[in-house]
Amino acid sequence: MPNPPQYALQAPTTTGPAWADWLQLCTGAALLLFMWAHMLLVASVLLGPATMNALAGLLEATGLVQLGGPCIGLLFLVHCVLTARRIPFRQLEQRAIWEHARLLKHRDTWLWLAQVASALVVLVLGVAHMWTVLADLPITAAKSAARVQRWPWTLLYLVLLPMVELHVAIGFYRLGVKWGFISSRRRPLGVKAEKLLLVVCLAIGLLTLLRFLTLSVE
Amino acid sequence: MARNLTFHIFRHNPADPASTPHMDTFVLNETAAMTLFIALNRIREEHDPGLQFDFCCRAGMCGACAMVINGRPGLACHTQTRDLPESITLLPLPFFKLVGDLSVDTGVWFRDMYQRVESWIHTTRAFDPSKREARMANATAEAIYELDRCIECGCCIAACGTARMREDFLGAAALNRVARFRLDPRDERKDADYFHLIGDDTGIFGCMGLLACEDVCPKHLPLQDQLAALRRRMAGTALKHRLPFFRNVRKARPAKA
Ligand code: HEM
Ligand code: SF4
Ligand code: SF4
Ligand code: FES
(Lines give C-alpha, C1' and ligand atoms only; values in the text may rest on other atoms or scores of the structure.)
(Ligands and ions follow the chains in the order given, each with its own letter.)
Protein backbone atom coordinates (compact mmCIF):
# COMPACT_ATOMS: atom_id res chain seq x y z
CA MET A 1 0.00 0.00 0.00
CA PRO A 2 1.29 3.49 -0.78
CA ASN A 3 2.35 5.36 2.33
CA PRO A 4 1.21 8.06 2.81
CA PRO A 5 -2.08 6.89 1.29
CA GLN A 6 -2.92 8.33 -2.11
CA TYR A 7 -6.51 9.22 -1.56
CA ALA A 8 -7.77 12.60 -2.51
CA LEU A 9 -10.86 14.65 -1.86
CA GLN A 10 -11.74 14.66 -5.50
CA ALA A 11 -15.07 14.75 -7.20
CA PRO A 12 -16.71 11.37 -7.80
CA THR A 13 -15.65 9.77 -11.08
CA THR A 14 -19.06 8.81 -12.37
CA THR A 15 -22.34 9.80 -10.85
CA GLY A 16 -24.55 8.06 -13.42
CA PRO A 17 -25.67 5.15 -11.24
CA ALA A 18 -26.36 7.53 -8.36
CA TRP A 19 -28.59 9.69 -10.56
CA ALA A 20 -30.32 6.63 -11.89
CA ASP A 21 -31.15 5.57 -8.35
CA TRP A 22 -32.38 9.07 -7.50
CA LEU A 23 -34.61 9.06 -10.55
CA GLN A 24 -35.84 5.57 -9.74
CA LEU A 25 -36.84 6.85 -6.31
CA CYS A 26 -38.54 9.94 -7.75
CA THR A 27 -40.38 8.24 -10.59
CA GLY A 28 -41.39 5.36 -8.30
CA ALA A 29 -42.72 7.69 -5.63
CA ALA A 30 -44.46 9.96 -8.15
CA LEU A 31 -46.13 6.98 -9.81
CA LEU A 32 -47.24 5.70 -6.40
CA LEU A 33 -48.87 9.03 -5.60
CA PHE A 34 -50.45 9.14 -9.02
CA MET A 35 -51.85 5.62 -8.70
CA TRP A 36 -53.45 6.45 -5.34
CA ALA A 37 -54.93 9.66 -6.70
CA HIS A 38 -56.11 7.76 -9.77
CA MET A 39 -57.71 5.11 -7.57
CA LEU A 40 -59.65 7.69 -5.57
CA LEU A 41 -60.74 9.65 -8.64
CA VAL A 42 -62.06 6.57 -10.40
CA ALA A 43 -63.62 5.25 -7.20
CA SER A 44 -65.70 8.42 -7.08
CA VAL A 45 -68.07 6.54 -9.37
CA LEU A 46 -69.08 4.65 -6.22
CA LEU A 47 -70.63 7.91 -5.00
CA GLY A 48 -72.54 8.12 -8.26
CA PRO A 49 -71.69 8.64 -11.93
CA ALA A 50 -72.50 12.32 -11.56
CA THR A 51 -69.72 12.76 -8.99
CA MET A 52 -67.20 11.09 -11.26
CA ASN A 53 -68.31 13.14 -14.26
CA ALA A 54 -68.04 16.33 -12.25
CA LEU A 55 -64.51 15.46 -11.09
CA ALA A 56 -63.42 14.43 -14.57
CA GLY A 57 -64.93 17.61 -15.99
CA LEU A 58 -63.09 19.70 -13.43
CA LEU A 59 -59.75 18.06 -14.25
CA GLU A 60 -60.34 18.58 -17.94
CA ALA A 61 -61.53 22.17 -17.64
CA THR A 62 -58.34 23.00 -15.75
CA GLY A 63 -56.28 21.18 -18.39
CA LEU A 64 -54.94 18.71 -15.85
CA VAL A 65 -55.89 15.67 -17.92
CA GLN A 66 -54.47 17.01 -21.18
CA LEU A 67 -51.26 18.07 -19.44
CA GLY A 68 -51.04 15.34 -16.79
CA GLY A 69 -51.74 12.44 -19.11
CA PRO A 70 -48.59 12.82 -21.23
CA CYS A 71 -46.57 13.68 -18.10
CA ILE A 72 -47.62 10.43 -16.45
CA GLY A 73 -46.82 8.65 -19.70
CA LEU A 74 -43.34 10.14 -19.61
CA LEU A 75 -42.87 9.17 -15.94
CA PHE A 76 -44.01 5.67 -16.82
CA LEU A 77 -41.49 5.51 -19.66
CA VAL A 78 -38.58 6.81 -17.58
CA HIS A 79 -39.46 4.41 -14.76
CA CYS A 80 -39.51 1.50 -17.21
CA VAL A 81 -36.15 2.41 -18.72
CA LEU A 82 -34.53 2.79 -15.31
CA THR A 83 -35.91 -0.36 -13.76
CA ALA A 84 -35.20 -2.37 -16.89
CA ARG A 85 -31.55 -2.20 -15.81
CA ARG A 86 -32.52 -4.62 -13.07
CA ILE A 87 -34.76 -6.99 -14.99
CA PRO A 88 -32.96 -10.27 -15.69
CA PHE A 89 -33.29 -10.48 -19.47
CA ARG A 90 -30.48 -12.93 -20.03
CA GLN A 91 -31.25 -16.59 -19.56
CA LEU A 92 -28.24 -17.10 -17.31
CA GLU A 93 -29.51 -14.44 -14.91
CA GLN A 94 -33.04 -15.78 -15.06
CA ARG A 95 -31.91 -19.25 -14.13
CA ALA A 96 -29.67 -17.92 -11.36
CA ILE A 97 -32.38 -15.81 -9.70
CA TRP A 98 -35.09 -18.46 -10.13
CA GLU A 99 -33.00 -21.26 -8.62
CA HIS A 100 -31.89 -18.86 -5.93
CA ALA A 101 -35.43 -17.84 -4.97
CA ARG A 102 -36.69 -21.42 -4.99
CA LEU A 103 -33.92 -22.61 -2.70
CA LEU A 104 -33.84 -19.64 -0.35
CA LYS A 105 -37.61 -19.48 0.24
CA HIS A 106 -37.19 -15.88 1.32
CA ARG A 107 -40.22 -13.59 1.33
CA ASP A 108 -38.59 -10.41 0.10
CA THR A 109 -36.69 -12.20 -2.64
CA TRP A 110 -39.98 -13.65 -3.94
CA LEU A 111 -41.58 -10.23 -3.67
CA TRP A 112 -38.94 -8.81 -5.95
CA LEU A 113 -39.71 -11.47 -8.55
CA ALA A 114 -43.40 -10.66 -8.17
CA GLN A 115 -42.54 -7.03 -8.75
CA VAL A 116 -40.68 -7.78 -11.94
CA ALA A 117 -43.41 -10.10 -13.24
CA SER A 118 -46.22 -7.67 -12.43
CA ALA A 119 -44.20 -4.88 -14.04
CA LEU A 120 -44.21 -6.64 -17.40
CA VAL A 121 -47.98 -7.12 -17.28
CA VAL A 122 -48.54 -3.50 -16.24
CA LEU A 123 -46.30 -2.33 -19.05
CA VAL A 124 -48.34 -4.03 -21.75
CA LEU A 125 -51.84 -3.68 -20.34
CA GLY A 126 -51.22 -0.28 -18.79
CA VAL A 127 -50.12 1.20 -22.09
CA ALA A 128 -53.21 -0.21 -23.81
CA HIS A 129 -55.39 1.33 -21.11
CA MET A 130 -53.70 4.74 -21.21
CA TRP A 131 -53.85 4.82 -24.98
CA THR A 132 -57.60 4.21 -25.25
CA VAL A 133 -58.47 6.60 -22.46
CA LEU A 134 -56.32 9.46 -23.72
CA ALA A 135 -57.32 8.90 -27.33
CA ASP A 136 -60.98 9.17 -26.42
CA LEU A 137 -61.32 12.20 -24.15
CA PRO A 138 -63.34 13.44 -22.33
CA ILE A 139 -63.56 10.86 -19.57
CA THR A 140 -67.12 10.09 -18.51
CA ALA A 141 -68.54 7.41 -16.26
CA ALA A 142 -70.69 6.05 -19.09
CA LYS A 143 -67.78 5.71 -21.50
CA SER A 144 -65.63 4.02 -18.89
CA ALA A 145 -68.46 1.66 -17.98
CA ALA A 146 -69.00 0.79 -21.62
CA ARG A 147 -65.34 -0.10 -22.00
CA VAL A 148 -65.23 -2.18 -18.82
CA GLN A 149 -68.28 -4.08 -20.01
CA ARG A 150 -66.89 -4.76 -23.45
CA TRP A 151 -64.93 -7.97 -23.95
CA PRO A 152 -61.87 -8.27 -23.85
CA TRP A 153 -61.51 -5.07 -21.83
CA THR A 154 -63.29 -6.71 -18.90
CA LEU A 155 -60.56 -9.31 -18.76
CA LEU A 156 -57.86 -6.70 -19.23
CA TYR A 157 -59.03 -4.73 -16.21
CA LEU A 158 -59.50 -7.82 -14.07
CA VAL A 159 -55.84 -8.70 -14.72
CA LEU A 160 -54.40 -5.18 -14.72
CA LEU A 161 -55.94 -4.22 -11.37
CA PRO A 162 -54.32 -6.92 -9.16
CA MET A 163 -51.01 -6.58 -11.01
CA VAL A 164 -50.90 -2.81 -10.49
CA GLU A 165 -51.86 -3.10 -6.83
CA LEU A 166 -49.24 -5.80 -6.27
CA HIS A 167 -46.58 -3.70 -7.95
CA VAL A 168 -47.63 -0.59 -6.03
CA ALA A 169 -47.67 -2.29 -2.62
CA ILE A 170 -44.30 -3.97 -3.13
CA GLY A 171 -42.83 -0.80 -4.62
CA PHE A 172 -43.95 1.19 -1.59
CA TYR A 173 -42.29 -1.30 0.77
CA ARG A 174 -39.14 -1.57 -1.32
CA LEU A 175 -38.63 2.20 -1.50
CA GLY A 176 -39.04 2.27 2.28
CA VAL A 177 -36.43 -0.36 3.07
CA LYS A 178 -33.98 0.78 0.40
CA TRP A 179 -33.88 4.40 1.52
CA GLY A 180 -34.49 3.82 5.21
CA PHE A 181 -37.99 5.28 5.66
CA ILE A 182 -38.67 1.79 6.98
CA SER A 183 -35.89 0.95 9.44
CA SER A 184 -34.94 -2.54 10.50
CA ARG A 185 -36.82 -2.09 13.77
CA ARG A 186 -39.98 -1.01 11.98
CA ARG A 187 -39.77 -3.58 9.22
CA PRO A 188 -42.60 -5.76 10.64
CA LEU A 189 -44.74 -2.62 10.58
CA GLY A 190 -43.67 -1.99 7.00
CA VAL A 191 -44.71 -5.50 6.01
CA LYS A 192 -48.10 -4.94 7.66
CA ALA A 193 -48.53 -1.63 5.84
CA GLU A 194 -47.64 -3.33 2.57
CA LYS A 195 -50.27 -6.04 3.10
CA LEU A 196 -52.91 -3.55 4.22
CA LEU A 197 -52.17 -1.38 1.21
CA LEU A 198 -52.60 -4.35 -1.10
CA VAL A 199 -55.89 -5.45 0.45
CA VAL A 200 -57.45 -1.99 0.70
CA CYS A 201 -56.44 -0.87 -2.79
CA LEU A 202 -57.54 -4.16 -4.28
CA ALA A 203 -60.91 -3.91 -2.51
CA ILE A 204 -61.53 -0.34 -3.67
CA GLY A 205 -60.45 -1.25 -7.19
CA LEU A 206 -62.67 -4.31 -7.35
CA LEU A 207 -65.67 -2.41 -6.01
CA THR A 208 -65.08 0.26 -8.65
CA LEU A 209 -64.85 -2.31 -11.42
CA LEU A 210 -68.02 -3.97 -10.14
CA ARG A 211 -69.81 -0.65 -10.20
CA PHE A 212 -68.71 -0.03 -13.79
CA LEU A 213 -69.87 -3.50 -14.77
CA THR A 214 -73.36 -2.79 -13.42
CA LEU A 215 -73.59 0.84 -14.53
CA SER A 216 -76.02 1.69 -17.29
CA VAL A 217 -74.11 2.65 -20.43
CA GLU A 218 -76.78 5.01 -21.70
CA MET B 1 -37.86 -39.51 20.76
CA ALA B 2 -34.60 -40.28 18.97
CA ARG B 3 -35.01 -39.45 15.31
CA ASN B 4 -33.17 -40.86 12.39
CA LEU B 5 -31.87 -37.96 10.34
CA THR B 6 -31.35 -38.25 6.61
CA PHE B 7 -28.62 -36.02 5.23
CA HIS B 8 -28.51 -35.19 1.53
CA ILE B 9 -25.05 -33.80 0.92
CA PHE B 10 -23.57 -32.25 -2.20
CA ARG B 11 -20.44 -34.04 -3.42
CA HIS B 12 -17.94 -32.90 -5.99
CA ASN B 13 -14.21 -32.55 -6.21
CA PRO B 14 -13.38 -29.97 -8.88
CA ALA B 15 -9.70 -31.02 -8.79
CA ASP B 16 -10.61 -34.53 -9.91
CA PRO B 17 -11.55 -34.72 -13.61
CA ALA B 18 -13.47 -37.92 -12.98
CA SER B 19 -15.69 -36.32 -10.35
CA THR B 20 -19.22 -35.25 -11.26
CA PRO B 21 -21.46 -33.17 -8.99
CA HIS B 22 -24.03 -35.36 -7.24
CA MET B 23 -25.86 -35.77 -3.94
CA ASP B 24 -25.00 -38.46 -1.37
CA THR B 25 -27.37 -39.66 1.33
CA PHE B 26 -26.37 -40.59 4.88
CA VAL B 27 -28.56 -41.64 7.80
CA LEU B 28 -27.62 -40.85 11.41
CA ASN B 29 -29.44 -41.28 14.69
CA GLU B 30 -29.94 -37.95 16.38
CA THR B 31 -28.30 -37.36 19.75
CA ALA B 32 -29.03 -34.71 22.37
CA ALA B 33 -27.88 -31.16 21.51
CA MET B 34 -26.55 -32.35 18.17
CA THR B 35 -25.24 -29.62 15.90
CA LEU B 36 -24.47 -29.98 12.21
CA PHE B 37 -20.82 -29.78 13.22
CA ILE B 38 -21.22 -32.94 15.28
CA ALA B 39 -23.31 -34.63 12.63
CA LEU B 40 -20.83 -33.94 9.82
CA ASN B 41 -17.94 -35.21 11.91
CA ARG B 42 -19.84 -38.38 12.68
CA ILE B 43 -20.61 -38.87 9.01
CA ARG B 44 -16.94 -38.48 8.24
CA GLU B 45 -15.96 -40.95 11.00
CA GLU B 46 -18.67 -43.53 10.52
CA HIS B 47 -19.55 -43.33 6.82
CA ASP B 48 -17.18 -41.50 4.54
CA PRO B 49 -13.73 -40.28 5.57
CA GLY B 50 -13.43 -38.39 2.28
CA LEU B 51 -16.22 -35.89 3.02
CA GLN B 52 -14.88 -32.32 2.77
CA PHE B 53 -16.16 -29.50 4.94
CA ASP B 54 -14.62 -26.64 6.94
CA PHE B 55 -14.65 -25.96 10.65
CA CYS B 56 -12.43 -24.05 12.97
CA CYS B 57 -13.89 -22.43 16.07
CA ARG B 58 -17.16 -24.44 16.20
CA ALA B 59 -18.54 -21.56 18.24
CA GLY B 60 -19.93 -19.25 15.56
CA MET B 61 -16.88 -17.02 15.63
CA CYS B 62 -14.67 -17.83 12.65
CA GLY B 63 -17.12 -18.10 9.78
CA ALA B 64 -15.49 -21.18 8.26
CA CYS B 65 -18.47 -23.52 8.46
CA ALA B 66 -21.03 -21.52 6.46
CA MET B 67 -23.08 -23.68 4.09
CA VAL B 68 -26.57 -23.83 2.62
CA ILE B 69 -28.74 -25.64 5.14
CA ASN B 70 -32.13 -26.65 3.73
CA GLY B 71 -31.92 -23.75 1.32
CA ARG B 72 -30.68 -21.07 3.72
CA PRO B 73 -27.08 -20.01 4.16
CA GLY B 74 -26.04 -20.45 7.79
CA LEU B 75 -23.33 -21.64 10.16
CA ALA B 76 -23.21 -25.42 10.56
CA CYS B 77 -21.64 -25.23 14.02
CA HIS B 78 -24.41 -22.91 15.16
CA THR B 79 -27.29 -24.95 13.80
CA GLN B 80 -28.88 -27.58 16.02
CA THR B 81 -30.44 -30.55 14.30
CA ARG B 82 -33.47 -30.34 16.62
CA ASP B 83 -34.41 -27.11 14.85
CA LEU B 84 -34.41 -28.92 11.50
CA PRO B 85 -36.77 -31.48 9.98
CA GLU B 86 -35.67 -35.12 9.63
CA SER B 87 -34.51 -34.55 6.09
CA ILE B 88 -31.55 -32.19 5.89
CA THR B 89 -30.02 -30.99 2.64
CA LEU B 90 -26.56 -29.48 2.75
CA LEU B 91 -25.04 -27.57 -0.17
CA PRO B 92 -21.86 -25.53 -0.40
CA LEU B 93 -22.30 -21.75 -0.43
CA PRO B 94 -22.94 -20.57 -3.99
CA PHE B 95 -21.06 -17.58 -5.43
CA PHE B 96 -17.71 -18.62 -3.90
CA LYS B 97 -15.16 -20.96 -5.45
CA LEU B 98 -15.79 -24.59 -4.62
CA VAL B 99 -12.91 -26.37 -2.91
CA GLY B 100 -14.75 -29.69 -2.63
CA ASP B 101 -18.07 -31.02 -1.30
CA LEU B 102 -19.22 -28.47 1.31
CA SER B 103 -15.98 -26.53 1.43
CA VAL B 104 -15.69 -23.19 -0.40
CA ASP B 105 -12.98 -20.57 -0.62
CA THR B 106 -14.34 -17.37 0.90
CA GLY B 107 -10.88 -16.08 1.77
CA VAL B 108 -9.76 -15.00 -1.69
CA TRP B 109 -13.01 -13.14 -2.29
CA PHE B 110 -12.92 -11.34 1.05
CA ARG B 111 -9.26 -10.42 0.60
CA ASP B 112 -10.01 -8.96 -2.82
CA MET B 113 -13.09 -7.19 -1.49
CA TYR B 114 -11.12 -5.56 1.33
CA GLN B 115 -8.76 -4.16 -1.25
CA ARG B 116 -11.61 -2.91 -3.38
CA VAL B 117 -13.18 -0.98 -0.51
CA GLU B 118 -9.75 -0.10 0.92
CA SER B 119 -10.57 -1.58 4.25
CA TRP B 120 -7.96 0.14 6.36
CA ILE B 121 -7.65 3.45 8.17
CA HIS B 122 -6.58 6.22 5.82
CA THR B 123 -4.68 8.95 7.61
CA THR B 124 -2.07 11.56 6.84
CA ARG B 125 -1.03 11.70 10.45
CA ALA B 126 2.42 10.27 11.07
CA PHE B 127 2.50 7.46 13.59
CA ASP B 128 4.41 8.33 16.75
CA PRO B 129 5.08 5.19 18.79
CA SER B 130 6.15 7.19 21.83
CA LYS B 131 2.81 8.99 22.10
CA ARG B 132 -0.36 7.69 23.68
CA GLU B 133 -3.08 6.48 21.37
CA ALA B 134 -5.72 9.11 20.69
CA ARG B 135 -8.86 8.59 22.72
CA MET B 136 -12.20 7.75 21.22
CA ALA B 137 -15.65 8.28 22.75
CA ASN B 138 -16.99 5.08 24.21
CA ALA B 139 -20.20 5.27 22.20
CA THR B 140 -18.17 5.61 18.97
CA ALA B 141 -16.01 2.65 19.86
CA GLU B 142 -19.10 0.57 20.56
CA ALA B 143 -20.78 1.59 17.31
CA ILE B 144 -17.65 0.58 15.39
CA TYR B 145 -17.42 -2.68 17.27
CA GLU B 146 -21.03 -3.48 16.40
CA LEU B 147 -20.10 -3.46 12.69
CA ASP B 148 -16.70 -5.09 13.28
CA ARG B 149 -18.45 -8.22 14.51
CA CYS B 150 -18.69 -9.55 10.94
CA ILE B 151 -16.99 -12.96 10.83
CA GLU B 152 -16.62 -13.07 7.03
CA CYS B 153 -18.73 -16.19 6.74
CA GLY B 154 -20.10 -15.11 3.34
CA CYS B 155 -23.74 -15.96 4.15
CA CYS B 156 -24.96 -12.48 3.19
CA ILE B 157 -23.27 -12.73 -0.20
CA ALA B 158 -24.58 -16.23 -0.87
CA ALA B 159 -28.12 -15.12 0.02
CA CYS B 160 -28.05 -11.99 -2.14
CA GLY B 161 -30.03 -12.20 -5.37
CA THR B 162 -28.08 -9.28 -6.80
CA ALA B 163 -24.75 -11.02 -6.19
CA ARG B 164 -26.12 -14.13 -7.86
CA MET B 165 -26.94 -12.16 -11.00
CA ARG B 166 -23.79 -10.05 -11.14
CA GLU B 167 -20.49 -11.39 -9.88
CA ASP B 168 -18.84 -8.00 -9.41
CA PHE B 169 -21.42 -6.86 -6.83
CA LEU B 170 -19.70 -6.01 -3.55
CA GLY B 171 -22.48 -7.25 -1.29
CA ALA B 172 -23.54 -6.42 2.23
CA ALA B 173 -20.31 -7.52 3.98
CA ALA B 174 -18.31 -5.05 1.88
CA LEU B 175 -20.78 -2.20 2.27
CA ASN B 176 -20.79 -2.89 6.00
CA ARG B 177 -17.00 -2.45 5.95
CA VAL B 178 -17.38 1.00 4.43
CA ALA B 179 -20.02 1.88 7.01
CA ARG B 180 -17.56 0.84 9.70
CA PHE B 181 -14.77 3.14 8.45
CA ARG B 182 -17.19 6.01 8.02
CA LEU B 183 -17.76 5.82 11.78
CA ASP B 184 -14.06 5.74 12.63
CA PRO B 185 -12.78 9.21 13.62
CA ARG B 186 -9.20 8.16 12.79
CA ASP B 187 -10.10 7.63 9.13
CA GLU B 188 -9.82 10.92 7.26
CA ARG B 189 -11.75 9.86 4.20
CA LYS B 190 -14.85 11.86 3.30
CA ASP B 191 -18.02 10.68 1.63
CA ALA B 192 -16.61 11.81 -1.73
CA ASP B 193 -13.76 9.33 -1.22
CA TYR B 194 -16.12 6.52 -0.33
CA PHE B 195 -18.16 7.40 -3.39
CA HIS B 196 -15.23 6.33 -5.55
CA LEU B 197 -15.33 2.92 -3.95
CA ILE B 198 -19.04 2.13 -3.71
CA GLY B 199 -20.97 4.82 -5.61
CA ASP B 200 -21.98 2.66 -8.58
CA ASP B 201 -23.88 -0.49 -9.51
CA THR B 202 -21.16 -2.78 -8.17
CA GLY B 203 -21.66 -1.01 -4.85
CA ILE B 204 -24.58 0.57 -3.05
CA PHE B 205 -26.62 1.42 -6.15
CA GLY B 206 -26.58 -2.20 -7.31
CA CYS B 207 -28.37 -3.29 -4.14
CA MET B 208 -32.08 -3.86 -4.82
CA GLY B 209 -33.10 -4.06 -1.18
CA LEU B 210 -34.06 -7.71 -1.09
CA LEU B 211 -32.81 -7.89 2.50
CA ALA B 212 -31.83 -11.55 2.38
CA CYS B 213 -28.44 -10.42 3.75
CA GLU B 214 -30.13 -8.95 6.81
CA ASP B 215 -32.28 -12.04 7.27
CA VAL B 216 -29.51 -14.66 7.08
CA CYS B 217 -26.56 -12.93 8.80
CA PRO B 218 -25.75 -15.33 11.65
CA LYS B 219 -24.22 -12.51 13.68
CA HIS B 220 -27.33 -10.33 13.20
CA LEU B 221 -25.41 -7.35 11.93
CA PRO B 222 -27.64 -4.33 11.29
CA LEU B 223 -27.14 -4.60 7.54
CA GLN B 224 -30.47 -3.13 6.38
CA ASP B 225 -29.96 0.13 8.24
CA GLN B 226 -26.33 0.41 7.14
CA LEU B 227 -27.29 -0.12 3.50
CA ALA B 228 -30.05 2.49 3.67
CA ALA B 229 -27.78 5.03 5.36
CA LEU B 230 -25.05 4.47 2.77
CA ARG B 231 -27.54 4.84 -0.06
CA ARG B 232 -28.72 8.18 1.30
CA ARG B 233 -25.14 9.33 1.92
CA MET B 234 -23.85 8.33 -1.49
CA ALA B 235 -26.91 9.68 -3.29
CA GLY B 236 -26.43 12.90 -1.34
CA THR B 237 -22.79 13.02 -2.39
CA ALA B 238 -23.76 12.83 -6.06
CA LEU B 239 -26.34 15.56 -5.52
CA LYS B 240 -23.87 17.88 -3.82
CA HIS B 241 -21.37 17.26 -6.57
CA ARG B 242 -23.86 18.87 -8.98
CA LEU B 243 -24.16 22.02 -6.93
CA PRO B 244 -21.51 24.48 -8.11
CA PHE B 245 -21.33 26.20 -4.74
CA PHE B 246 -20.46 23.00 -2.96
CA ARG B 247 -17.92 21.99 -5.57
CA ASN B 248 -15.97 25.17 -4.93
CA VAL B 249 -15.99 24.58 -1.22
CA ARG B 250 -14.64 21.10 -1.75
CA LYS B 251 -11.81 22.26 -3.96
CA ALA B 252 -10.83 25.03 -1.57
CA ARG B 253 -10.62 22.81 1.48
CA PRO B 254 -7.17 21.42 2.32
CA ALA B 255 -6.85 17.66 2.11
CA LYS B 256 -6.61 17.24 5.85
CA ALA B 257 -9.82 16.82 7.83
C1 HEM C 1 -48.46 1.65 -12.27
C2 HEM C 1 -47.41 2.34 -12.30
C3 HEM C 1 -46.16 1.96 -11.53
C4 HEM C 1 -45.86 2.29 -10.25
C5 HEM C 1 -46.70 3.07 -9.28
C6 HEM C 1 -44.55 1.74 -9.96
C7 HEM C 1 -43.90 1.88 -8.76
C8 HEM C 1 -42.69 1.30 -8.45
C9 HEM C 1 -41.92 1.55 -7.27
C10 HEM C 1 -42.28 2.50 -6.15
C11 HEM C 1 -40.81 0.77 -7.32
C12 HEM C 1 -39.68 0.67 -6.30
C13 HEM C 1 -38.55 1.51 -6.88
C14 HEM C 1 -37.19 1.20 -6.34
O15 HEM C 1 -36.96 0.09 -5.88
O16 HEM C 1 -36.33 2.11 -6.43
C17 HEM C 1 -40.88 0.04 -8.54
C18 HEM C 1 -39.95 -0.88 -8.94
C19 HEM C 1 -39.94 -1.52 -10.16
N20 HEM C 1 -40.79 -1.24 -11.21
FE21 HEM C 1 -42.43 -0.08 -11.14
N22 HEM C 1 -44.10 1.09 -11.06
C23 HEM C 1 -45.06 1.19 -12.06
C24 HEM C 1 -44.99 0.68 -13.34
C25 HEM C 1 -43.95 -0.12 -13.80
C26 HEM C 1 -43.84 -0.62 -15.14
C27 HEM C 1 -44.81 -0.35 -16.28
C28 HEM C 1 -42.71 -1.36 -15.19
C29 HEM C 1 -42.23 -2.07 -16.44
C30 HEM C 1 -41.02 -2.15 -16.83
C31 HEM C 1 -42.10 -1.34 -13.88
C32 HEM C 1 -40.96 -2.02 -13.51
C33 HEM C 1 -40.42 -2.04 -12.26
C34 HEM C 1 -39.32 -2.89 -11.85
C35 HEM C 1 -38.61 -3.94 -12.70
C36 HEM C 1 -39.02 -2.56 -10.52
C37 HEM C 1 -37.94 -3.18 -9.64
C38 HEM C 1 -36.72 -2.31 -9.70
C39 HEM C 1 -35.64 -2.66 -8.72
O40 HEM C 1 -35.78 -3.59 -7.95
O41 HEM C 1 -34.61 -1.95 -8.73
N42 HEM C 1 -42.89 -0.57 -13.05
N43 HEM C 1 -42.03 0.39 -9.22
S1 SF4 D 1 -30.37 -5.86 0.52
FE2 SF4 D 1 -28.89 -5.51 -1.11
S3 SF4 D 1 -27.03 -6.50 -0.40
FE4 SF4 D 1 -28.69 -7.31 0.86
S5 SF4 D 1 -29.35 -9.19 -0.16
FE6 SF4 D 1 -30.52 -7.51 -0.95
S7 SF4 D 1 -29.57 -6.77 -2.81
FE8 SF4 D 1 -28.10 -8.02 -1.61
S1 SF4 E 1 -22.19 -9.53 7.43
FE2 SF4 E 1 -22.99 -11.32 8.55
S3 SF4 E 1 -23.49 -12.78 6.94
FE4 SF4 E 1 -22.16 -11.26 6.01
S5 SF4 E 1 -20.11 -12.12 6.16
FE6 SF4 E 1 -20.43 -10.82 7.97
S7 SF4 E 1 -21.20 -12.18 9.57
FE8 SF4 E 1 -21.40 -13.26 7.62
S1 FES F 1 -16.73 -23.32 12.88
FE2 FES F 1 -16.27 -21.21 13.22
S3 FES F 1 -18.21 -20.29 12.76
FE4 FES F 1 -18.65 -22.40 12.64
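Below, each value reflects all heavy atoms present in this structure, side chains not excepted, and no hydrogens, waters or symmetry copies. Chain naming here is simple, since letters A, B, ... match the order of the sequence lines and numbering starts at 1 in each.
Ranked by heavy-atom pairs under 4.5 Å with chain B, the list A:Arg95, A:His100, A:Arg174, A:Glu93 is led by A:His100. The residue among B:Ala229, B:Pro222, B:Cys160 with the most heavy atom pairs within less than 4.5 Å of chain A is B:Cys160. For the set B:Asp200, B:Val216, B:Leu227, the count of heavy-atom pairs under 4.5 angstrom toward chain A peaks at B:Asp200. Most heavy-atom pairs under 4.5 Å with chain B: of the set A:Gln94, A:Glu99, A:Arg90, A:Arg86, this distinction falls to A:Arg86.
Between A:Ser183 atom OG and B:Asp225 atom CG the span is 5.5 Å, to the nearest 0.5 Å. How far CE of B:Met208 is from OG1 of A:Thr109: 8.5 Å, rounded to the nearest 0.5 Å. Taking NE2 of B:His220 as the start and OG of A:Ser184 as the end, the distance is 11.0 Å to the nearest 0.5 Å.
Within the 3.5 Å criterion, the main-chain N or O of A:Ile182 finds a donor-acceptor partner in the side chain of B:Gln224. Under a 3.5 Å cut-off, the side chain of A:Asp21 and the backbone N or O of B:Phe205 do not form any donor-acceptor pair.
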Discussion item. I'd like to know whether A:Arg187 forms a salt bridge (Lys or Arg N to Asp or Glu O under 4.0 Å) with B:Asp215, so could you lay out the CA-CA distance, the side-chain angles of the two residues, the decisive distance to 0.1 Å, and finally the verdict.
Written reply: CA-CA 11 Å; A:Arg187 188 158 157 223; B:Asp215 293 336; 2.8 Å; yes
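Closest heavy-atom contact between A:Thr15 and B:Ala238: CG2-CB, 4.0 Å. Considering all non-hydrogen atoms of both residues, A:Trp179 and B:Arg232 come closest at O-NH1, 2.7 Å.
Counted within 6.0 Å of CZ on A:Phe181, heavy atoms from surrounding residues, nucleotides or ligands total more than 12; the atom is thus considered enclosed. Shown here is B:Arg72, whose CZ atom has more than 12 heavy atoms of other residues, nucleotides or ligands within 6.0 Å. The environment of A:Trp110 atom CH2 is dense: over 12 non-hydrogen atoms of other residues, nucleotides or ligands sit within 6.0 angstrom. Under a cut-off of 6.0 angstrom, the local environment of CG in A:Leu155 is crowded, with over 12 non-hydrogen atoms contributed by other residues, nucleotides or ligands.
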Just distance, no hydrogens or angles: give the donor-acceptor pairs under 3.5 Å from side chains in residues 159-167 of chain A, sequence neighbours left out.
unit_1: A:His167; atom_1: ND1; unit_2: A:Gln115; atom_2: O; d: 3.1
unit_1: A:His167; atom_1: ND1; unit_2: A:Ser118; atom_2: OG; d: 3.2

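Residues from residues 161-178 of chain B that place a non-hydrogen atom less than 4.5 Å from a non-hydrogen atom of chain A comprise B:Gly161, B:Arg164, B:Met165, given in numerical order.
Residue contact with chain B, scored on non-hydrogen atoms closer than 4.5 Å, is absent for A:Arg102. In this structure, chain A has no heavy atom under 4.5 Å from any part of B:Ala126. With a 4.5 angstrom heavy-atom cutoff, A:Trp19 touches chain B only via side-chain atoms. Only the side chain of A:Trp22 comes within less than 4.5 Å of a heavy atom of chain B; its backbone N, CA, C and O stay farther away.
Using a 4.5 Å heavy-atom cutoff, the side chains of B:Cys207 and A:Lys178 are not in contact. Side-chain contact between B:Leu91 and A:Leu103 is present, with at least one heavy-atom pair separated by less than 4.5 Å. Looking at heavy atoms from C-beta onward, B:Pro73 lies in side-chain contact with A:Leu104 at the 4.5 angstrom threshold.
Using a 4.0 Å cut-off between a side-chain N of Lys or Arg and a carboxylate O of Asp or Glu, A:Arg85 and B:Asp201 qualify as a salt bridge.
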